[in-house]
There are 2 protein chains.
Amino acid sequence: MIAAALDELDDHGLAAFSIRNLARRLGVYPTAIYWHVESRDDLLAEVVARILADAEPRRALSWQRYLRALFGGYRAAIKRHPSAAPLVGAHLVGNRSIGLGFVEGLLTKLGEAGFAGAELVAAYNTVIAALVGFVTQEFAAVPDDDRERWRAAVRRRLSRSQLASYPVLRRNLPLLANKAFILRWQSGSQAPLDRSFERYVDVVIGGLERLADRRAARRRR
Amino acid sequence: MIAAALDELDDHGLAAFSIRNLARRLGVYPTAIYWHVESRDDLLAEVVARILADAEPRRALSWQRYLRALFGGYRAAIKRHPSAAPLVGAHLVGNRSIGLGFVEGLLTKLGEAGFAGAELVAAYNTVIAALVGFVTQEFAAVPDDDRERWRAAVRRRLSRSQLASYPVLRRNLPLLANKAFILRWQSGSQAPLDRSFERYVDVVIGGLERLADRRAARRRR
DNA sequence: ACCTGAACACCGTTCAAGT
DNA sequence: ACCTGAACACCGTTCAAGT
C-alpha cells in the first residue's frame, strides 16, 4: 500500500500525487485509503520513512567517515526517489519518519568528535540541516509542462548580451550554466552536481573538525 | 496585489493559501487574479522575490563577513514570513525570484576568497545550499490543527521509559527537547534555534576558509 | 477487518463576455 | 485594461452502509 504510493510518486511526481490517483492504481475507492492511513500527510510521512529506512551508516566508522557515509547515503536515497525531495525537509522537522536510533547514533558520533552539552545540540542541528539542504535543492523538480520554455528562458537570461554588468558571471558562464543553483534548467536527476556535493560535504565536515579542534585546545589550557 | 498575497500567506499560512481566498481578500472574482499573474506558482514566486528583495549584503565587507551577513539577512527575512519557508527552497532552484546581481556578488566574494573555475562553482553551490538548508527546516510549519496532540506525542516518545536503549539521548534530553530537529514540537517561530544557527554559520564559513587555505598552500608549492 | 457509495466543501484554470 | 460569470476537471475528507 505505501509501496504503491511510492510507485505512484516515482511515476507521476509529487504534483500529481493524490489519494484518488493512488486509489485508481490500487483499483479501489478513494475512501478505502483512509482505513489504512489517517490522512494524506500521514501517508506521505510513511513513504518518506520507507525511503530513508536504510540510510544509517555503521557506527564502527570514525565520526568523519560516519558523516561522509550519512551524507552519501542520504543523497543516494533521494536520487532513487527525487519526487520525494521536497517532502523530506518538511517531514524531518516533524519527528515522524525518523527513528530515535538514528538520532542516538548521530549524537554518539558527535560526542566522539568532542562535542558535549549545548555544543553537542548545535553540532547535531548543524548536521541535520546540512544533510537536507543540498540534496533537497539539487533534486527539486523543474516545472515539467513548460520544460522547454523554461530552458529557453534561462538561456536567454544568460545570453552574453544580458551579462555586460556581471563580469565574473560572464567569465565563468560555461562552468555555471546548468551546473549552478539559480542558473540551472534541469534538476539533479538529469544534471547531477557531484563535485559540488563533494565539496559541500568537505566544507561541513571540515568546519566541524575545526570547531572540535578549537574546543579541544581550549580545554587543554 | 502580491502585497495582499503576502498578507494572506502571513495570516493564514501556506496550506490555506489559495487563489480563491486571495480573491476574497481583494473583494474580486477568483479569475481576476489571472489577469495579473500567470499561475499560482508564478504568484508565489513573486511573493518569494519580494521577501528576499533586500537580503543582499554590502560588497565592501570581507568575504567572511559578507557570508555572515548573507546568512543572517536571509534568516531574518524568513523569520518575518515563516509560512514562505518551504517555498524558498523550491523557487531558488528555479531561477525566478533571484536577480543575477546577487549571483554576481556572491561569485565575486568567493573569488576574493581564492576560489576559481570549477572550485568556484562548487563553493557557490555550497553556499546556496547551506543558505537554504537550516532556515527552511527551522521554520517549517508544525501541523497547526493537532498542535497539542503532536506535542504530547513527541513528549511521550521522549519519556524516559522509552529511552532505555538510547543513553546519549537520555543524558542530554533537557538540552534536546524542543531544541533539536526531529525532537521538536514547535517551529522556529515559537522556538528559535539561535545558537545552533550561529554554529552552523561558523561551520560553513570555517569549512570554506579551510578549503581556501589549502588551495592557496597548494598553489605556493 | 476492510471496502463501497454518496456527499461536502473545497481547489486551479480556461474562456467568452462584459465595461 | 481590467473584471465578471459560468464551467470543467479535479481535490481531501467524513460518514453511514455494506460484506
Side-chain angles (χ1 to χ4, degrees), chain A residues 1-49 83-84 86-87 90-91 94 96-97 140-150 153, chain B residues 1-49 83-84 86-87 90-91 94 96-97 140-150 153:
Chain A
M1 143 100 225
I2 74 161
L6 184 49
D7 289 345
E8 185 68 19
L9 201 59
D10 286 341
D11 291 353
H12 303 299
L14 184 58
F17 183 88
S18 73
I19 297 278
R20 292 170 115 105
N21 283 336
L22 173 58
R24 236 188 306 273
R25 170 184 287 257
L26 291 168
V28 104
Y29 270 65
T31 51
I33 309 286
Y34 286 86
W35 197 91
H36 299 89
V37 104
E38 235 186 17
S39 66
R40 192 190 117 109
D41 277 2
D42 190 51
L43 171 59
L44 288 174
E46 289 198 47
V47 170
V48 170
S83 299
L87 290 174
H91 281 130
R96 344 177 245 192
S97 323
V142 160
D144 198 56
D145 36 340
D146 44 23
R147 201 164 33 84
E148 256 321 307
R149 193 153 56 86
W150 193 33
Chain B
M1 143 100 228
I2 72 161
L6 185 49
D7 289 344
E8 185 69 18
L9 202 59
D10 287 340
D11 291 353
H12 304 300
L14 185 59
F17 182 88
S18 73
I19 298 277
R20 292 171 115 107
N21 284 336
L22 174 58
R24 236 189 304 273
R25 171 184 288 258
L26 291 168
V28 106
Y29 269 67
T31 51
I33 308 287
Y34 286 85
W35 196 89
H36 300 90
V37 105
E38 235 184 18
S39 66
R40 192 190 118 108
D41 277 2
D42 191 50
L43 172 60
L44 289 173
E46 290 199 47
V47 170
V48 170
S83 300
L87 291 174
H91 281 129
R96 343 177 249 191
S97 324
V142 160
D144 199 56
D145 34 340
D146 43 23
R147 201 163 34 82
E148 256 322 308
R149 192 154 57 87
W150 193 34

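For clarity, every value in this text was computed on a predicted model and none was experimentally measured. Residue numbers begin at 1 in each chain, while the letters A, B, ... track the order of the sequences.
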In whole angstroms, how far is the P atom of D/dT14 from the CG atom of A/Asp42? 12 Å

Does D/dA1 have OP1 or OP2 under 4.0 Å away from a side-chain N or O of B/His36? no

Identified pairing partner of C/dA17, criterion: Watson-Crick or G-U wobble below 3.5 Å: none

Nearest whole angstrom, please: distance from the C1' of D/dC11 to the CZ of B/Phe17. 18 Å

Result of checking A/Ile33, A/Val28, A/Leu9 against A/Leu22 for side-chain contact (heavy atoms from CB on, under 4.5 Å): A/Ile33

Would you indicate what B/Arg40 reaches in the nucleic acid, counting non-hydrogen atoms under 4.0 angstrom: base, sugar-phosphate, or nothing? sugar-phosphate

Measure from CG on B/Leu22 to P on D/dC3 and round the result to the nearest Å. 12 Å

When you measure from the side-chain N and O atoms of A/Tyr29 to the phosphate of C/dG5, is any distance below 4.0 Å, counting only OP1 and OP2? yes

Considering every strand shown, what is the Watson-Crick or G-U wobble mate of C/dC3 when both distances are under 3.5 Å? none

Between P of C/dC15 and OH of B/Tyr34, the distance in whole Å: 13 Å

Measure the distance from CZ on A/Arg20 to P on C/dC3 and round it to the nearest whole Å. 17 Å

Indicate whether OP1 or OP2 belonging to C/dC11 is found under 4.0 Å from a side-chain N or O atom of B/Asn21. yes

Could you tell me the Watson-Crick or G-U partner of D/dC8, where both distances fall under 3.5 Å? Say none if there is no partner. C/dG12

Within-4.5 Å side-chain heavy-atom neighbours: A/Phe17 and A/Leu43: yes

From CG (A/Leu26) to CG (A/Asn21), nearest 0.5 Å: 11.0 Å

Rounding to a whole Å, what distance do you find between B/Leu14:CG and C/dG12:P? 11 Å

Is there a side-chain polar atom (N or O) of B/Ser18 under 4.0 Å from OP1 or OP2 of C/dC11? yes

Applying a 4.0 Å non-hydrogen cut-off, can you work out what B/Thr31 is touching in the nucleic acid: base, sugar-phosphate, or nothing? base

In this structure, how many angstroms lie between the C1' atom of D/dG12 and the CH2 atom of A/Trp35, rounded? 20 Å

